[in-house]
Structures are given as structure tokens and as C-alpha cells.
4 protein chains.
Amino acid sequence: MKAEPKAAGHGAGTGIVPHPISPRSDRIHQSVLTATQQLLREGGYPAATVDAIAQRSGVSKATIYKHWPSRAAVAAKAFGLMMAEALPLPDTGTTEGDLSEQVRRVSAFYASDLGSVFAQLVAACVDDPAGAPYFREYFLNGRRAAISELWQRALARGDAGPEVAVDDVIDILFGPLIFRKLTGAYPLTDEAAVSLARTALRGLLRQGD
Amino acid sequence: MKAEPKAAGHGAGTGIVPHPISPRSDRIHQSVLTATQQLLREGGYPAATVDAIAQRSGVSKATIYKHWPSRAAVAAKAFGLMMAEALPLPDTGTTEGDLSEQVRRVSAFYASDLGSVFAQLVAACVDDPAGAPYFREYFLNGRRAAISELWQRALARGDAGPEVAVDDVIDILFGPLIFRKLTGAYPLTDEAAVSLARTALRGLLRQGD
Amino acid sequence: MKAEPKAAGHGAGTGIVPHPISPRSDRIHQSVLTATQQLLREGGYPAATVDAIAQRSGVSKATIYKHWPSRAAVAAKAFGLMMAEALPLPDTGTTEGDLSEQVRRVSAFYASDLGSVFAQLVAACVDDPAGAPYFREYFLNGRRAAISELWQRALARGDAGPEVAVDDVIDILFGPLIFRKLTGAYPLTDEAAVSLARTALRGLLRQGD
Amino acid sequence: MKAEPKAAGHGAGTGIVPHPISPRSDRIHQSVLTATQQLLREGGYPAATVDAIAQRSGVSKATIYKHWPSRAAVAAKAFGLMMAEALPLPDTGTTEGDLSEQVRRVSAFYASDLGSVFAQLVAACVDDPAGAPYFREYFLNGRRAAISELWQRALARGDAGPEVAVDDVIDILFGPLIFRKLTGAYPLTDEAAVSLARTALRGLLRQGD
DNA sequence: AGCTAAGCGAGACGGTACGTCAAGTCTTTCA
DNA sequence: TGAAAGACTTGACGTACCGTCTCGCTTAGCT
């Protein structure tokens with residue numbers, strides 16, 4: 001028996017049906033995700049049709065549907081991985097600096113070309129119940145972990161207290177950005193992001209003695 | 001340019017092309033919006049196909065497209081009107097009470113059946129450039145006005161200072177709710193809403209001596 | 001009111017849903033049938049996919065499916081019309097001559113390239129209940145009428161008696177040909193056809209005193 | 001060349017590639033054919049997909065394709081064997097009686113549930129060049145032998161003359177039935193079968209004084 | 001009041017992508 | 001070594017809904 005790396009962990013109990021890891025399915029996942037990422041970059045979500053993905057990746061449509069429940073799921077995973085790379089954890093030395101910088105980076109990301117793709121993806125996953133778990137897994141969980149990390153640092157430094165839940169932190173810091181991106185009401189400038197972050201952090205962190 | 005000309009009546013300068021008011025077009029608007037509202041209530045956005053709206057309202061598809069640029073636009077306007085009714089301005093006597101209560105109400109609305117329709121609508125307007133102005137006009141502007149009103153009261157009472165822009169207030173208070181609704185990550189309970197509001201308001205309002 | 005040519009007659013009570021005759025649907029029927037005929041000629045039934053027909057005819061797939069219940073139905077009608085042209089009624093002067101000649105012609109038709117398409121079409125209509133009525137209408141009824149005509153002449157001449165039903169005539173004369181074509185057991189030569197016809201006609205016609 | 005070498009056992013020279021007889025391949029043949037027969041009985045040809053046959057028989061798809069060239073071939077053989085059992089040679093004592101009774105039996109078979117499966121199989125073998133030899137071998141040859149037997153008796157009795165080829169006999173007697181079955185134009189009743197047989201036999205047999 | 005022309009209802013149409021199905025081939029694993 | 005298991009490619013299927021269009025009828029608005 002070959003020692004399989006545990007295929008669980010990823011997406012256990014999240015609505016994501018994991019596929020056993022094998023050289024074959026690995027190649028397929030890789031091809032599909034790469035092709036999807038290219039298409040998303042080139043023409044956004046509308047360009048990433050399943051037919052196009054199949055053609056570009058050399059993986060057949062039927063096989064794609066065996067590995068993912070829907071187009072939105074494929075796109076969510078592909079884009080989530082891209083986004084994670086684009087948003088490494090900052091380390092400025094101070095709690096406020098780290099969080100504020102992260103807000104700025106996310107804001108900048110939303111303001112970029114890829115930002116619109118992100119919005120389209122949110123929309124797609126709202127429409128598609130099967131896609132939602134993928135969205136949560138590949139967008140949120142990663143980001144949530146990152147922010148948790150920063151928040152741990154803040155607690156350790158005594159900048160924050162346990163009375164504020166980390167989930168609230170995340171939502172208060174990044175919810176406004178998504179709101180702005182989705183509604184397209186305001187431009188997402190760095191200044192606006194920093195201003196938002198400052199105001200929000202006043203409620204989240206302990207105000208200096 | 002930030003200063004937009006005040007929306008003169010029906011969305012001038014907002015991408016919304018108004019139609020001349022005539023008995024005929026009035027009847028059409030009314031029928032279409034009513035039918036759309038019914039359909040949205042009954043089966044959400046997916047049920048409100050243009051064919052269905054045409055059939056239910058007795059207004060032909062061609063005519064619908066003469067008055068609105070897209071399905072999303074029709075739905076946005078119809079739903080926006082419904083939502084406004086469901087969220088009257090609170091008056092608890094205190095600034096914190098008013099804002100907190102409004103957050104709670106919006107959260108409850110999102111948690112209701114109609115909340116999902118709202119999410120679908122956001123998604124639809126992201127995909128559809130023509131629908132977006134309608135979304136902004138009939139969802140955001142109304143709400144923005146309402147919150148501005150509350151914020152004026154706060155300023156008058158000295159609970160808030162001019163250093164915080166009202167737009168930031170709105171985004172920080174309601175962005176997190178939309179974020180949660182769209183991602184489906186958390187249940188939108190009253191307690192969660194109140195907790196979020198309290199934390200957020202700590203950053204927004206002057207902390208009383 | 002425009003005087004419409006009666007749209008009934010064709011396919012009443014046969015499982016064929018007739019479409020009202022209008023310039024629009026006329027153009028569509030024409031384009032689709034012509035395109036289908038070309039494709040059948042070029043690559044047989046397998047080439048006449050609905051997508052190919054749609055592309056070639058400029059009529060969309062959805063529209064094709066509004067006018068015909070299935071691919072087999074389209075093909076049956078298209079091919080039936082072609083076949084009718086290829087098999088005009090013979091007139092040799094004698095009953096035996098006419099019928100024998102018709103058997104020969106049908107045999108020759110089956111032996112031609114189009115003969116295989118015919119077999120494919122029979123097969124397609126066996127598999128597709130929705131196609132069968134079209135097959136009957138556009139292949140059989142026409143041929144049945146032709147043979148009835150010949151049989152009337154035979155009766156008039158006293159070559160045949162009323163004790164033999166015209167349906168039996170048809171089936172006994174042409175059934176063997178189809179059988180041979182479908183099973184591919186024997187080549188369909190003129191000689192074989194004539195031999196078959198002679199033998200069969202001995203049972204069908206009054207044997208001359 | 002007309003004179004075909006007699007089919008030596010399993011279809012030599014008929015397009016059927018025989019497999020070496022071994023305990024293993026015997027078991028495989030048996031399992032596959034039995035499973036296919038069950039499936040054909042239960043749901044007709046559409047139910048006898050290769051996947052279903054593989055699953056039911058415990059023989060893998062790859063192996064099935066090593067022994068038969070196509071799905072149609074498997075089904076043709078399986079069904080041919082079933083059909084042979086269902087149609088034993090009649091012996092009524094008279095030539096006309098035997099042939100007429102056989103026509104009646106075949107007609108009844110076509111009219112039964114299995115009759116439709118037969119039609120589907122004919123259709124399948126028309127589409128599939130690889131299946132056709134199997135169809136001929138397992139359907140036609142057996143039947144042809146049976147009718148030849150009856151025809152020998154007729155010749156021996158002096159009921160028929162050598163001027164009528166046995167192949168013509170078969171086609172004229174059974175072609176009409178297949179024709180009716182495939183086109184679905186007429187019900188295949190016993191009366192109709194007997195009537196057809198009587199008329200056809202008038203042309204085939206010597207009209208005894 | 002009657003005529004003309006725009007507005008409208010009805011619904012057919014083109015287009016695009018969807019998700020599904022089964023045939024036949026290929027690879028991996030087990031006996 | 002050969003078969004079981006089942007993943008994979010391929011190609012077509014039939015469906016859904018958008019937004020556009022064409023056709024007659026209706027109704028407003030002018031003479």
C-alpha cells in the first residue's frame with residue numbers, strides 16, 4: 001500500500017468533495033486551475049466558461065464536472081489561489097501598521113483589474129450554492145487565518161483585548177472594502193482605505209494609555 | 001470629481017435614463033414593478049425572468065426593454081422600493097441606540113428570505129453594468145440618506161465629530177453585514193449584529209467621558 | 001383577414017405538430033431542410049447533427065427544437081422530400097411493368113449512397129419515438145399514395161382483385177427490399193429486384209388466363 | 001464471388017473475430033451474454049450500455065472490448081441467442097401450414113416486448129459496421145437455416161419448384177413483417193400475419209390443382 | 001369625430017453556455 | 001500476464017434565458 005498523504009483536512013465538512021490524490025488527478029487539477037487562472041486574467045469570469053477551460057487545459061468538460069460541482073467552484077478555487085499569492089502577510093512591527101497595511105493591500109487588490117474578477121466571483125457564488133463552499137474555502141479561510149495570525153500578535157503585544165472576537169475584526173476591517181467594491185459607489189484609493197482602517201481600528205484596538 | 005450633481009428626481013446623471021411621464025408609461029412602470037416584486041418574493045431573482053415579468057405584468061418584453069436597460073435594472077428598482085419600506089428610520093433617543101438598532105434591523109432583513117434576494121441582486125448588478133446605477137439609486141442612495149440623517153443628529157448631540165466622514169460610517173456599519181451575507185460564513189443573528197455595531201461604534205463615536 | 005392556405009391536412013392526427021404558415025416560419029423551414037439535405041448528402045445521418053444544421057442553415061438550435069421534436073424528425077422530413085423527388089411514379093403501360101419497375105427503382109435507390117442514409121434514418125426513427133411520425137408522414141405516406149395509384153390502375157384493368165389489400169401489396173413488394181438493405185445480407189441489384197418483384201407479383205396479381 | 005465458405009462454427013469469414021477457447025474466455029462470454037440478455041429484457045437496448053453490462057457481469061469494459069468490437073455486437077449476439085430459443089421450427093404437416101405458422105410466430109414475436117428490442121438492434125447494427133456481422137450471424141443465419149429446412153421439405157413434397165430461390169422466400173415472407181415493425185405503421189396481429197403469408201405464398205408455392 | 005402614427009402586446013428568433021450522457025480508450029492496481 | 005476498476009476524451013445532446021426583432025392592433029393626439 002502506498003502511503004497516501006492525507007487527503008482530508010482540505011475541505012472536510014465544508015461541502016467540498018475531495019478527490020483522492022493521484023498523479024492523474026493531480027495533473028488534471030493543475031491544468032484546469034492554470035487554464036482557469038489565465039482565462040480569468042484575460043477576460044474575467046465571463047471568459048472562463050467551462051468549454052473554454054476544457055479547451056485551454058486539455059481536460060474534458062465531463063472530467064471537469066467530475067472534479068468540481070460547477071463552473072463557479074472551479075473559478076473560485078483558481079482565483080482564490082491567485083489571490084492568496086497576491087496578498088502576503090505584512091510585518092511592519094506594529095499592530096496598527098500591520099492591519100492598516102493589510103487593509104490597504106486588499107483595497108488595492110480590489111481596485112486592480114483582478115478586483116472586478118473578485119466581485120464577479122462573489123456574485124457567481126451567491127447564485128450557485130455548489131460554488132459557495134469553494135469560495136469560503138479558498139478565499140475566506142486563507143484570509144481569516146492570516147488575520148488571526150496578526151490578531152494573535154496584537155493580543156500578545158497587549159494592543160488588543162479578548163473582548164473583541166477575531167471574526168468581528170475581519171468583518172469590520174474588510175467588509176467595508178467589499179461593500180465599496182461591489183456597489184461601485186466609491187473609488188478604492190489607498191487614502192480611503194487607510195482612513196477606513198484608522199477609524200475601524202479605533203474601535204477594535206485598545207486605545208493607547 | 002467627487003461632488004456629483006444632486007440626483008434630480010429620477011437619477012439624472014446616474015446612468016438611469018428617465019422616461020417621459022405619461023399615463024401609459026406610468027401604468028407600465030407600475031405593472032412591471034409590482035409583478036417583479038411578486039416574483040422576487042415568490043422565487044427570488046431566478047424566478048424574475050423577463051419572460052415571467054412580461055407575462056405576469058401584461059407588459060411585453062419589448063416594452064420592458066424600452067423602459068429599463070436590463071433585467072437587473074428592473075429587479076433592482078423593484079426590490080429597492082420594497083426594501084425601503086421594510087427599513088424605516090429608528091428613533092430611540094440616543095445616537096448609539098439609533099445606529100445600533102438600524103444595524104440590527106438591516107441584519108435581520110438580510111437574514112430573512114428577502115435577504116437572499118438582496119444578495120442575488122447585488123450579484124446581478126455586479127455582472128451587469130447597466131443594472132448598477134439602478135442598484136445604487138434605489139438601494140444605496142435611500143439608505144445613505146437615512147444614515148446621514150442619523151449622523152446629523154449625532155453631530156448635533158456632540159456624540160460624533162466631523163473627523164469621521166459619513167460614508168465611512170455607513171461602510172463600517174453595514175459593510176460587515178453584507179460581507180457576512182454574501183459569503184454565508186456566519187449566521188446573521190441579532191446578537192452578532194449588536195456586537196458588531198458596538199465594536200464599530202467605538203471607533204466612530206466620541207467615547208463619552 | 002389574410003386567406004391562409006389550409007395548414008391542416010399535413011400531419012393532422014399523426015403526431016406532427018404543424019406550425020402556422022407565416023413568412024418567417026416558412027423561411028426557417030426552408031433553410032433548415034435545405035441545410036439538412038446537404039449534410040445528409042455529404043456525410044449521412046451522423047453528419048446531420050443539430051449543431052451542424054443550425055450553423056449551416058443560420059437557424060438557431062433553439063428554434064429548430066421549436067419546430068421539430070428531435071433531430072430525427074428534421075432529418076426524416078428533409079430526407080423524405082429528397083426521396084420523393086428521386087422516385088417518380090413509373091408508367092410502362094402494364095401493371096406488372098409499373099410495379100416491377102417501381103420495385104427496381106426503389107432497390108436502386110437503396111443501393112445508392114442515399115440508400116444508406118435511408119437505413120440510418122429508419123434506425124434513428126426506431127430509437128426516437130418523436131421522429132417516427134415524421135418518418136411515416138414523409139416517407140411512407142407519399143410512397144403509399146403512389147402505390148395506391150398504381151394499384152387502382154391494376155384494379156381498373158382487371159389485373160388485380162379486391163381480395164388483396166393495398167397495404168399488403170406495398171409491404172410484400174417493398175418489405176423485402178428494406179429487409180435486405182437493413183441487414184446488408186445481399187447486394188441490391190436490379191436483377192435481384194426484378195426477380196423478387198416477379199415472384200411477389202405472382203401472389204398479388206391475378207394470373208393471366 | 002457469391003459462394004461464401006460455410007461459416008465454420010463461429011463466423012469465420014463473416015467479420016467476426018473469434019477468440020481462442022479457454023476456460024477463462026468462456027466464463028467471460030457467458031457472463032457478458034447473460035448480463036446483456038437480462039438488461040435487454042429489462043430496459044431494451046438503451047439499458048444495455050457497456051457500463052451496465054460490465055457492472056452486471058463483473059467483466060470489465062476493457063475486456064468486453066477485447067472480445068467484441070462494439071456494444072451492438074455484444075447485444076446482437078446476446079439477443080440473437082434469446083430469439084432463436086423463442087422461435088422453434090413448426091411442424092404442422094403441410095408446407096403452407098409450416099410457413100404460415102412461422103410467419104405468425106415471428107409476427108407475434110415482433111409484437112411482443114422483445115420485438116421492440118429487435119427493432120432497436122436492427123437500428124444499432126445499421127449504424128455500426130462492426131455490429132452488422134454479428135447481427136447477420138446470430139439473427140439471420142439461424143433463421144435462414146430454419147427456413148431452408150422448411151423449404152427443403154416443400155421441394156421434397158413437390159409443393160415448390162427450384163425456380164424460386166430460398167433467399168427470395170425468406171425475404172418475401174419476413175421482409176414485410178420487419179417493415180411493419182420498423183415503421184410502426186400497422187399493428188402486427190395474427191390475422192394480418194396470416195393474411196400476408198397467404199398472399200405471399202401464392203407467389204412462392206406451386207398452386208396445387 | 002375621424003385619421004394617422006406612435007406605442008404596445010404577443011411571441012418568434014439568434015446566440016451562448018449550461019450540465020449530462022454514453023462510447024470507446026487508456027492507465028493503474030491486483031491476482 | 002491478464003483482467004478489474006474506473007478515469008479520461010470526445011462529441012452531441014436538449015435546455016434556459018437574455019435581448020432583439022417583426023407583426024398587427026390599439027390608442028393618443030392632431031385635423
Side-chain angles (χ1 to χ4, degrees), chain A residues 1-2 19-20 22-25 27-28 46 48-52 54-55 58-72 128 130, chain B residues 19-20 22-25 27-28 46 48-52 54-55 57-72 127-128 130, chain C residues 1-2 19-20 22-25 27-28 46-52 54-55 57-67 69-71 128 130, chain D residues 22 24-25 27-28 46-55 57-72 124 127-128 130:
Chain A
M1 195 210 295
K2 216 172 219 174
H19 276 258
S22 76
R24 233 173 162 176
S25 80
R27 204 207 67 224
I28 279 168
T49 67
V50 181
D51 285 284
Q55 179 150 13
V59 173
S60 79
K61 232 167 47 147
T63 301
I64 293 174
Y65 278 107
K66 254 180 217 140
H67 287 255
W68 288 274
S70 69
R71 168 167 100 120
D128 173 17
Chain B
H19 273 259
S22 78
R24 233 170 166 178
S25 86
R27 203 209 66 222
I28 283 169
T49 66
V50 182
D51 284 282
Q55 177 148 16
S57 66
V59 173
S60 81
K61 269 170 70 169
T63 303
I64 293 175
Y65 279 104
K66 254 179 219 139
H67 290 255
W68 288 272
S70 70
R71 166 164 97 122
D127 288 336
D128 172 19
Chain C
M1 193 207 302
K2 214 172 218 174
H19 276 258
S22 77
R24 235 177 160 175
S25 79
R27 203 208 66 223
I28 279 168
T49 67
V50 181
D51 285 285
Q55 178 150 15
S57 67
V59 172
S60 80
K61 232 166 48 146
T63 301
I64 293 176
Y65 279 107
K66 254 179 218 142
H67 287 256
S70 69
R71 166 166 100 120
D128 172 18
Chain D
S22 78
R24 224 168 174 179
S25 86
R27 205 209 64 224
I28 282 169
T49 66
V50 181
D51 285 283
I53 295 170
Q55 175 148 19
S57 67
V59 173
S60 81
K61 268 169 73 172
T63 303
I64 293 174
Y65 279 105
K66 253 178 220 140
H67 290 257
W68 287 273
S70 71
R71 167 166 98 125
D127 288 335
D128 172 19

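Each chain gets a letter, A, B and so on, in the order its sequence line appears, and its residues count up from 1.
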Worksheet, complete the sentence: Per-nt protein contacts along nucleotides 22-27 of chain E (heavy atom under 4.0 Å; B base, S backbone sugar-phosphate only, - none) come out as SSBBBS
Practice prompt. List for me each residue that meets side-chain contact (heavy atoms from CB on, under 4.5 Å) alongside D:Tyr65, sequence neighbours excluded, and say none if there are none.
Written response: D:Val50
Worksheet item: In whole angstroms, how far is the P atom of E:dT28 from the CD1 atom of A:Ile28?
Response: 12 Å
Fill in: N or O in side chain of C:Thr63 less than 4.0 angstrom from E:dG14 OP1/OP2
yes
Discussion item. List the residues meeting side-chain contact (heavy atoms from CB on, under 4.5 Å) with C:Thr49, not counting sequence neighbours, and say none if there are none.
Written reply: C:Asp51, C:Ala52, C:Arg71
Discussion item. Strictly distance-based, threshold 3.5 Å: is any side-chain N or O of A:Thr63 a donor or acceptor partner for the main-chain N or O of A:Val59?
Written reply: no
Worksheet entry | Test side-chain contact (heavy atoms from CB on, under 4.5 Å) applied to B:Ala130 - qualifying residues, sequence neighbours left out | B:Pro69, B:Ser70, B:Asp128
Practice prompt. Check side-chain contact (heavy atoms from CB on, under 4.5 Å) between B:Ala62 and all other residues, then give those that pass, not counting sequence neighbours.
Written response: B:Ser60
Discussion item. By nearest heavy atom, map C:Ser60 and A:Ala52 onto DNA chain E; which one lands nearer the 5' end?
Written reply: C:Ser60
Worksheet, complete the sentence: Taken to the nearest whole Å, CG/B:Asp127 to P/F:dG19 is 11 Å
Response to the item:
Contacts of B:Gly58 and C:Ile64 projected onto DNA chain E by closest heavy atom; the upstream (5') one is B:Gly58
Worksheet item: Between E:dG14, F:dC8, F:dA4, which one does the side chain of D:Arg27 approach most closely?
Response: F:dA4
Practice prompt. Could you state the atom-to-atom distance from CD of C:Gln55 to C1' of E:dA17 in whole Å?
Written response: 16 Å
Practice prompt. Specify the angle, to 10°, made by the local axes at the two ends of the helix from E:dA1-F:dT31 to E:dA31-F:dT1 when five pairs are taken at each end.
Written response: 20°
Discussion item. Under 4.0 Å from OP1 or OP2 of E:dA12: is there any side-chain N or O of C:His67 that close?
Written reply: no
Worksheet entry | Between F:dT10 (P) and A:Lys66 (NZ): distance, integer Å | 13 Å
